[in-house]
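One structure coming up, written as structure tokens, with questions to follow.
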Amino acid sequence: MARGSTSVEVRRDGVAVITVSNPPVNALSLDVIASLQRDYGEALRRSDVKAIVLTGAKGRFSGGFDINAFDKKPKNEKPGYLSIDFLTDIVEDAPKPSVAAIDGVALGGGLELAMVCHARVSTSSVQLGLPELQLGIIPGLGGTQRLPRLVGLPKALEMLLMSKPLKGVEAHKFGLVDAVVSADELISTACSWALEIVEDKRPWFRSLHRTDRLPALEETKKILNFARVQAQKQSASLQHPLVCIDVIEEGIISGPRAGLMKETLCGKMLEMSQISKSLRHVFFAQRATSKIPNISNLGLTPRRIHKVAIVGGGLMGSGIATALISNNLLVILKEVNEQFLDAGISRVKANLQSLVKRGQMTKEDYENKLSLLSGVLDYEQFREADVVIEAVIEDLSLKQKIFADLEKYCHSNCILATNTSTIDLHLIGQKTSCQDRIAGAHFFSPAHAMPLLEIIRTHRTSSQVVIDLLNVAKQIRKTPIVVGNCTGFAVNRMFFPFTQVAYFLVDYGLDVYHIDHVITKFGMPMGPFRLADLVGFGVAIASRKQYLQSYPERCYKSMLIQIMLEENRTGESSRKGFYLYDDKRKASPDPEMNKYIEKSRSMASIVQDPKLPKLTDDEIVEMMLFPVVNEACRLLDEGVAMKASDLDVASIMGRGFPSYRGGVMFWADSFGAKYIYDRLKDWSKFHGGIFEPYEYLSTRARQGLSLAAMADGAMSRL
Ligand SMILES: C[C@H](O)CC(=O)SCCNC(=O)CCNC(=O)[C@H](O)C(C)(C)COP(=O)(O)OP(=O)(O)OC[C@H]1O[C@@H](n2cnc3c(N)ncnc32)[C@H](O)[C@@H]1OP(=O)(O)O
């Protein structure tokens, strides 16, 4: 079946309106492109057509090239056949002018198509951008050449390197669109504009040949070199932003056609790179997380969530409150006394102020959002809440008492959610008789900034509650993953072996700072020891206790944190953890650490393995992350996680696994199950259960299957 098409309607005034139609975002599939070529050919041939207007169906111009189609392009495709032979030589150089009528989105190839046109008319709400770098590629339909010529080099670099779209009015200010009109007037204005070009009443611009917005050569070099430094600072492991800058440079120095050709050739190479494959996988994985079998296909509609109550105004509670009010939900924040309540509200204010400082919120918005928050000391107002999120310390009996109270005070449809990061939900709800309304809403710290929301359901949680929480995630612009109930749930449980192995390696002779260095070089934002400092040793010990109880056979019992706590080192909050911290929270290594490490090693009473301290960086990464893959296999087999791609998204958004590696399971599949199984088996012979490969992994290794392939029967356990 064809994936989309275009249609052409010739109006009485002689304008052919060509409409791209490929729901939901009018992506440029290979079928759409073939149809567009046919319709353009017809419009250019017909003598009754004077001009062309290009638009998208149902209020969306185009979301760009079909991301599914990169692997489907014909292998022997002539370089530049689309970008140069068709778009430049036929459309842009045509004897009839084209005007783009843009509403909704014009992204990637969509905007490139619009820039080939001789003028652009848009609505004010439209989003125009070239986000290709987020997919590990560069624009491939002339975007690297036309955008700088339309908006100037600095703005084009900002839009490209930061994948930052412009709205209609700003796009008009920068010359990317020529007029901003209402959606009702869009087509008629574009048609009149096109006819006025024919009548010489408007300029007939070919974007590729404009030079009026390009800086002089010397200035160009300065701007591009600065951009190179910034791109490297942002991520030293990524080459494609540098390639993008080189391609822009080629066009300015050697002329736009040379630039187009370089764009085509480099683009082809980047499309085939592992980085692009990984990032494209992440794009679809992210959108698949809210597709829950037997839930999202039941036809349930989310109930309206207007007011959310939060129990506990600590770091997590205040972060959650910030996330909710920032997205226009009313929030009631409860604390046990005035002092704690004031502290909680001050934290919310500080969070909002940091958004204002970063330019993500206006001062006026700050006041508006803050007015959505009210603080309380009892449950009276909880009667009005549609959802309650409990965010107190990890103390089971306290949580049980709170949930029993909530059942008394809240209305009978109210969702009762807990932000626990580890405790079994059945236990939390044990003293209630409303287990169908109980779910987990696990935020990651800082809750107003981290993009993931882990929604936990038990066997008793109703489907409606899951649908409602998915909708809350959407309202507060977080990516949800829905998982089952167990100690640590999916995200933290998957990564608990990572921390265990880190402590194991230290006792066996590796250096703390070297491990952190290797992990950040791999692409994670911080190593396990810097992270332990950030979350605080109190939290680290509490969660380790939970894992020891639930999964004792794969825990490593290091004494290191306990020893450091006895010396009043508690992490970043006390300015002394594995690192020392200055006033600006800058971390520096502490030579005194050796003392604690020696003590931990002697208490571990293990013979240091002469081989381990000589591990290469790759071996350290494998030794720390293959047990994570192993745990992820358990989560899939137990049905705690529904699909491997959910764990990819979870690892990236919850734990900072580098997205350009595609997430933990996608990365693992690049090695293959057998390699990972063999490595774990070898290590487990010497170092025990922490490395013991799980059955799901060994089966896949034996059968030569990928880890992402769905296990037979795993779903039925959900
Ligand atoms: C040659 C060129 O230079 C190369 C390119 O053009 S590469 C593509 C560049 N374009 C992009 O990166 C834009 C990607 N899309 C988006 O950012 C967003 O989808 C959007 C802003 C267009 C719409 O957002 P939103 O309304 O929230 O819908 P969203 O859920 O993201 O997408 C709806 C559906 O369209 C699909 N989709 C969106 N853009 C797509 C694309 N370019 N190709 C294929 N499918 C796409 C999504 O996968 C999703 O499918 P699903 O319903 O089966 O899950």
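Indexing begins at 1, ligand by ligand and atom by atom, following the structure's order.
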Show which atoms of ligand 1 fall inside a sub-4.0 Å distance from at least one heavy-atom site of Phe283. 14 (C), 15 (N), 38 (C), 39 (N), 48 (O)
Test of understanding: given a 4.0 Å heavy-atom threshold, classify the contact between Gln134 and ligand 1 as side chain, backbone, both, or neither.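 It is neither; nothing of Gln134 touches ligand 1.
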Ligand 1 versus Val25, non-hydrogen atoms closer than 4.0 Å: side chain, backbone, both, neither?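 It is the side chain that gets close, since no backbone atom is under 4.0 Å.
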Is there a heavy atom of Arg60 sitting under 4.0 angstrom from any atom of ligand 1?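 It does, in that a heavy atom of Arg60 comes within the 4.0 Å cut-off of ligand 1.
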So which bit of Leu130 gets within less than 4.0 Å of ligand 1, heavy atoms only: side chain, backbone, both or neither? neither
Under the 4.0 Å line, does any protein heavy atom show up next to atom 43 (N) of ligand 1? yes
Considering all protein heavy atoms, does one lie under 4.0 Å from atom 48 (O) of ligand 1?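 Flag for atom 48 (O) of ligand 1 set to true, protein heavy atom closer than 4.0 Å.
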Phe70 to ligand 1: N or O pair under 3.5 Å? no
Say whether Gly143 and ligand 1 are in contact under the criterion: heavy-atom distance to a ligand atom below 4.0 Å. no
Let me know which of Ile652, Val640, Leu635 forms a side-chain contact (heavy atoms from CB on, under 4.5 Å) with Leu647.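 Testing each of Ile652, Val640, Leu635 against Leu647, the sole residue satisfying side-chain contact (heavy atoms from CB on, under 4.5 Å) is Leu635.
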Looking at atom 28 (O) of ligand 1, would you say a protein heavy atom lies below 4.0 Å from it?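 Under the 4.0 Å cut-off, atom 28 (O) of ligand 1 has no protein heavy-atom neighbours at all.
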Charged tip of Arg280 within 45° of Phe284 ring normal and under 6.0 Å: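 Not flagged: Arg280 not positioned over aromatic ring of Phe284.
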Is atom 36 (C) of ligand 1 less than 4.0 angstrom from at least one protein heavy atom? no
Could you check whether any side-chain heavy atom of Leu270 comes within less than 4.5 Å of a side-chain heavy atom of Glu132, counting everything from C-beta outward? no
Hey, does the Lys NZ or Arg CZ of Lys73 hover above the aromatic six-ring of Phe65, less than 6.0 Å from the centre and inside 45° of the axis? yes
